[in-house]
2 protein chains.
Amino acid sequence: MLELRLVQGSLLKKVLEAIKDLVTDANFDCSATGFSLQAMDSSHVALVSLLLRSEGFEHYRCDRNISMGMNLNNMAKMLKCAGNDDIITLKADDGSDTVTFMFESPTQDKISDFEMKLMDVDSEHLGIPEAEYHAIVRMPSTEFARICKDLSSIGDTVVISVTKEGVKFSTSGDIGTANVVCRQNTTVDKPEDATIVEMNEPVSLTFALRYFNSFTKGTPLSNTVTISLSSELPVVVEYKIAEMGHLRFYLAPKIEEDDEEK
Amino acid sequence: MLELRLVQGSLLKKVLEAIKDLVTDANFDCSATGFSLQAMDSSHVALVSLLLRSEGFEHYRCDRNISMGMNLNNMAKMLKCAGNDDIITLKADDGSDTVTFMFESPTQDKISDFEMKLMDVDSEHLGIPEAEYHAIVRMPSTEFARICKDLSSIGDTVVISVTKEGVKFSTSGDIGTANVVCRQNTTVDKPEDATIVEMNEPVSLTFALRYFNSFTKGTPLSNTVTISLSSELPVVVEYKIAEMGHLRFYLAPKIEEDDEEK
DNA sequence: TTGTATTGGA
DNA sequence: TCCAATACAA
């Protein structure tokens, strides 16, 4: 028996909007610790990792560990039927091959339940080692999204270079080249507007922009985004989910010697 | 060496949005006087004329007259990467075949530079004689845009008739006919809401509506539009650019005896 | 709450 | 290619 009651149901809606374009099918893993997901994107290049800790739920009952395979597009379709202020309760009976989403309007005047078939999804649960990163950049999530979108109108790849002074995003394409420099900047009115660079070693890595533009679908989840970089390691783009956990995206850098795939 | 610093960068963004659909490639001409462009539309029927006077720039350095050929779609793409509050600086070194757009965010925390290749563009710099017009109509630019859009759902051509009382826009098509009359009207709260008709002689001219619907892309540049008409002369549709200059569109009237081109 | 920007559809 | 509906920002 599984029953998870999430008062701020919009969080789950946003999470699905953020990952459904990247991952089509995935297993949600429930344990006493929380509700989590780990999946490769459909092209098997990027990794998505979601954690919603049990403490973040108003009610969290998970009798035994369970893994539920879902089609994320279908799940997103159902969650779209929940109001943004609705309380969402996720239920599954032991041994059932379905999951039920219940939506309660704030006034309790409208109660909906949507039942969705579960599916078998191959899961390769990759252990992600905790790593020390050469550089960690925190910046407003909207600004990061804007930069990724702008640069992708010029080129296909982005070079992210971090120095003490700040972080530089560069690209080049047929019509020209572009560089966007964000200076470290902590003297802002609101702390979420700050751009903070923690750097142990300068680092400069190249990535495919199209994945970044998928990652930035996570923007509605948090005002800030954290980008962790080390040479040779996948970059981590993390959106904190208030009081509950995080949504993280991992993407391996392009190696210089790589030819452009076309 | 060329360096033009425009504090209100959104102006340049709007200018490019206004002309990029009409003209694909054009030469920007820089002289001590200002930054200007003159180009025929791709079907060689309408003429676009832009002037941004040097006094309107915060900093204007143009060592020698220079003509820079640009693909306006590519230039618009790059300018879209500037924030609306950004300061835009346009730079070109002597003899260089590229131009650089620099965008500074208001807080100076984000500095971007975009480099674009220049191109050779055939330019036929037509002298546009200053003319006396039979009638000059000034009206709210949004109203003019609305009329052009509305009429183009009925017919392909518009007859603009100016009398002392006001201006009439007429069209007819398969499904019927339409007349929109705007009366001279200066008793309004805001001066930009006025419709003013200066008329020496009544005039009635016919134009292809599709060009007018391109011209009205200039609407964001100014609250008012000025339409200058004389029989036998191209109409001038002018959007003033505050403190800097203007964007003008010229279109020859259809002659009554003309068959419909199709 | 309004106006604007973006996205999806015709 | 253009327009409408929607989502977002001011």
Side-chain angles (χ1 to χ4, degrees), chain A residues 9-11 13-18 20-22 73 76-77 79-86 139-154 188-190 192-193 209-210 212-225 239, chain B residues 8-24 41-43 45-46 72-73 76-86 103 105-107 110 140-143 145-156 158 171 173 189-190 192-193 208-223:
Chain A
S10 60
L11 279 185
K13 290 174 56 122
K14 288 177 190 166
V15 163
L16 263 104
E17 287 306 307
K20 77 173 166 47
D21 292 336
L22 211 49
N73 277 296
K77 255 185 213 172
L79 291 177
K80 274 195 181 158
C81 303
N84 280 326
D85 301 325
D86 283 4
M139 62 162 65
S141 56
T142 50
E143 188 168 331
F144 178 61
R146 173 69 194 262
I147 292 168
C148 292
K149 177 174 143 284
D150 283 349
L151 293 192
S152 62
S153 74
I154 308 294
V188 286
D189 294 347
K190 294 173 229 155
E192 64 261 35
D193 289 339
L209 265 172
R210 56 169 292 230
F212 277 69
N213 278 314
S214 291
F215 301 168
T216 56
K217 302 270 199 250
T219 304
L221 284 167
S222 172
N223 289 322
T224 61
V225 62
Y239 297 91
Chain B
Q8 201 180 341
S10 58
L11 280 185
L12 196 58
K13 291 175 55 126
K14 288 177 190 168
V15 164
L16 264 107
E17 288 306 307
I19 61 180
K20 76 172 169 39
D21 293 335
L22 212 48
V23 180
T24 53
D41 83 294
S42 24
S43 61
V45 174
L72 299 191
N73 276 296
K77 248 187 216 177
M78 292 195 162
L79 291 178
K80 275 198 181 154
C81 302
N84 280 327
D85 301 325
D86 283 4
F103 310 141
S105 72
T107 58
K110 179 178 162 194
S141 55
T142 50
E143 189 170 331
R146 177 64 195 264
I147 291 168
C148 293
K149 178 172 148 282
D150 286 349
L151 293 192
S152 62
S153 72
I154 310 292
D156 299 326
V158 59
T171 192
D189 293 348
K190 293 173 229 155
E192 64 260 34
D193 290 338
L209 264 171
R210 59 169 291 232
Y211 294 101
F212 276 64
N213 278 314
S214 290
F215 301 166
T216 56
K217 303 271 196 235
T219 303
L221 282 167
S222 172
N223 289 321

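A quick note: this is a predicted structure, and the numbers were derived from the prediction, not measured. Proteins get letters first, then strands, A, B, ... in listed order; numbering begins at 1 in each.
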### Query
Looking across every strand, which nucleic acid part, if any, lies under 4.0 Å from Lys149(A) by heavy atom: base, sugar-phosphate, or nothing?
sugar-phosphate
### Interatomic distance, Leu22(B) CG vs dT1(D) C1' [rounded to whole Å]
15 Å
### Task
Rounded off to whole Å, could you give me the CG-to-P distance for the Asn84(A) and dT6(D) pair?
14 Å
### Message
Rounding to an integer number of Å, can you tell me how far Lys13(B) NZ sits from dA5(C) P?
### Response
8 Å
### Task
Say whether, by atom type as modelled, one donor and one acceptor occur between the side chain of Thr224(A) and the main chain of Ser141(A) under 3.5 angstrom.
no
### Message
Can you measure Lys80(A) atom NZ to dA5(D) atom C1' for me and round it to whole angstrom units?
### Response
14 Å
### Query
Atom CG of Asp193(A) and atom P of dA10(D): how far apart are they, to the nearest Å?
11 Å
### Summary
Lys217(B) atom NZ is separated from dT4(C) atom P, nearest whole Å, by 15 Å
### Message
With nearest nucleotide decided by heavy atoms, which residue, Ser214(B) or Pro220(A), maps closer to the 5′ end of DNA chain D?
### Response
Ser214(B)
### Message
Rounded to whole Å, how long is the line connecting atom CG of Asp150(B) with atom P of dA4(D)?
### Response
10 Å
### Task
Measure the CG-CG distance between Asp21(B) and Asn73(B) for me, rounded to the nearest 0.5 Å.
7.0 Å
### Message
Tell me whether Thr216(B) contacts the main-chain N or O of Ala145(B) through its side chain, where contact means a donor paired with an acceptor under 3.5 Å.
### Response
no
### Query
What is the distance from CG of Asn213(A) to C1' of dT6(C), rounded to the nearest Å?
14 Å
### Query
Counting only N and O atoms by type, is there a donor-acceptor contact under 3.5 Å from the side chain of Asp41(B) to the main-chain atoms of Ala46(B)?
yes
